[in-house]
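Read the structure below first, then the notes.
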Amino acid sequence: MSKKPRVRFAPSPTGYLHIGGLRTALYNFLYAKKYKGDYFLRIEDTDQKRIVSDAIGKLIESLEWANIMHSEGVYLGEEGEIIERGKYGPYVQSRRLDIYQKYAHELVEKGKAYYCFCTPERLDTLRAVQEKAKLAPAYDKLCLKELSMEDAKKRIASGEKYVIRFDVPETGETEFHDAVRGKIKFVNKNLDDFVILKSDGYPTYHLAHVVDDHLMKTTLVFRGEEWLPSTPKHILMFRAFGWEAPEYAHLCVILNKNTKKKLSKRDGDASVEDFMKKGYLPEAVVNFIALLGWNPKTEQEIFSLSDLAKEFDVAKLNRAGAILDTEKLDWMNGMYIRQKNIKDLAQLCRPYLEIVSSAIRRKGGNQILSDEYLEKIVTVERERMCKLSDIADGSEIYFERPEYKKQLLAWKKMLEKEILDSLQKSLEIVGEIEEKKWELGNLKNKLLGEADPKNRGILFWPLRVALTGKEKSPSPWEVAWVIGRGESMERIHAAIKLIKN
Ligand code: GLU
């Protein structure tokens, strides 16, 4: 019987979740869904110096936002505390130190690793000498060659600091199969005798994840391409323990569109939280990142999470770097915005419009943002939106009377008299529509019916400016519908007064 597929996302809590990390989580999630396997979240916090205190919480929140949830591992409790669920725990590496220590010593006993007492000063000197001789920096196996096990144990017993290093064979090659890149081979003599257990008793990433992936029964590892050069070390360790290694799938790098360089955490807007704040929808972000490195090999571009889970195929993962094209994301996000129902979309837009309406209230305005009003604004604006935050652009027109120069009321070279005639005509048309017939379609039909088809601007321009005070805005019937009959009439009156003064 073949093994149950088990995959994991294993981030280090060294900062916020990066878009590349979200992609790794997504592929794990899709894989587990497709092959009815388990997907668990493990936290790799063995590099204690780089830990950011609230990173685990933020990371889980970002995954929750994207709807890419695991079925085992680390979660947030009611009070925001870190909790764990699953039978292979603990899932936070710093809670497993005794396990790593046991296995590191076991490798020493097996003759596959050794104690090393070299001081940082000796290692610095060694590096300087190698650099001068134009050699790649590597540990010279001094403690393996010169020190007996008995002496090493005596030095440990006397309290001397030590690390444990893996004894990489000096000859031969290490070969493995990568699910994305096929057969990969590394020459062993180019690999350093890397540290597996540090002098403070913490394991390095190399040891910790190998032990964990074995004990937690991981069958496939999705991770970033940057780990590819370390993979032979990991394979050698699995073999030294006598364990079967999981399969690896190294995902392509994500490139900055302008520099064509690898996107780093320093590329400000690459954190999931930034995408969230800017008003991208999780469905759009997930769809977008799914295609960063996975090619469905069809024309289809819009995929729901369940479509993705059906279509996802490791064989269609790309090797070449993927460019992060935010214009494409904007387009996709706009598509998803237009697919949402108005009520849901309105609630997603509420925080952005609250900022505008409350700023205007502070200046003395009195518009309270009711759900009904909010839904009207969203109905009118959503065609033009790419991001949720776009709803706020120019939205003050829905909350306060516009101020503008009277020249703006003129369409092309209209004279004041013509502007007045136009506004009077609008007033009449609008005035004839009763409150209960104040519907978007009705307003549009009436206004279009009355305008000169060859020169609609004569009627629509002055009216639109009267309602919005802007050179560019939604159409006059849209704005009039949102702000209501009374307010529309008031604004037209105000424009007439402005011309007359
Ligand atoms: N902790 C590693 C990182 O955050 C994960 C690498 C892996 O998945 O094995 O990059």
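Numbers here are sequence positions counted from 1. These numbers come from a predicted model, not from an experiment. Atoms within each ligand, like the ligands themselves, are counted from 1 in listed order.
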Tell me, which protein residue and heavy-atom name are nearest atom 8 (O) of ligand 1, and how many Å apart are they? R8 NH1, 2.7 Å
Sort out for me which residue in T46, V195, D47 forms a side chain to side chain contact (heavy atoms under 4.5 Å, CB included) with T204. V195
K141, K145, K110, K112 screened by salt bridge (Lys or Arg N to Asp or Glu O under 4.0 Å) with D167, the one that passes: K141
Measure the distance from atom 10 (O) of ligand 1 to every protein heavy atom, then report the residue, atom name and distance (to 0.1 Å) of the closest one. W227 NE1, 3.2 Å
At a 4.0 Å threshold, what atoms of ligand 1 neighbour a non-hydrogen atom of P11? 4 (O)
Closest heavy-atom pair, V211 versus W243, reported as atoms and distance to 0.1 Å, is CA-CZ3, 3.9 Å
Would you say the ring centroid of H234 lies under 6.0 angstrom from that of F166? no
Could you tell me which atoms of ligand 1, counted from 1 in the order shown, lie closer than 4.0 angstrom to a heavy atom of E44? 1 (N), 2 (C), 5 (C)
Using a 3.5 Å cut-off on N or O atoms only, is A10 in polar contact with ligand 1? yes
Aromatic contact, F40 with Y88 (centres under 6.0 Å): no
Look at atom 9 (O) of ligand 1 and say which protein heavy atom is nearest, naming residue and atom and giving the distance to 0.1 Å. Y205 OH, 2.3 Å
Separation between CZ (R181) and CD (E225), nearest 0.5 Å, reads 4.0 Å
Need the ligand 1 atom indices (1-based, order shown) with element for anything under 4.0 Å from a heavy-atom of S12. 1 (N), 2 (C), 3 (C), 4 (O)
Hey, which atoms in ligand 1 end up nearer than 4.0 Å to a heavy atom of R223? 7 (C), 8 (O), 9 (O)
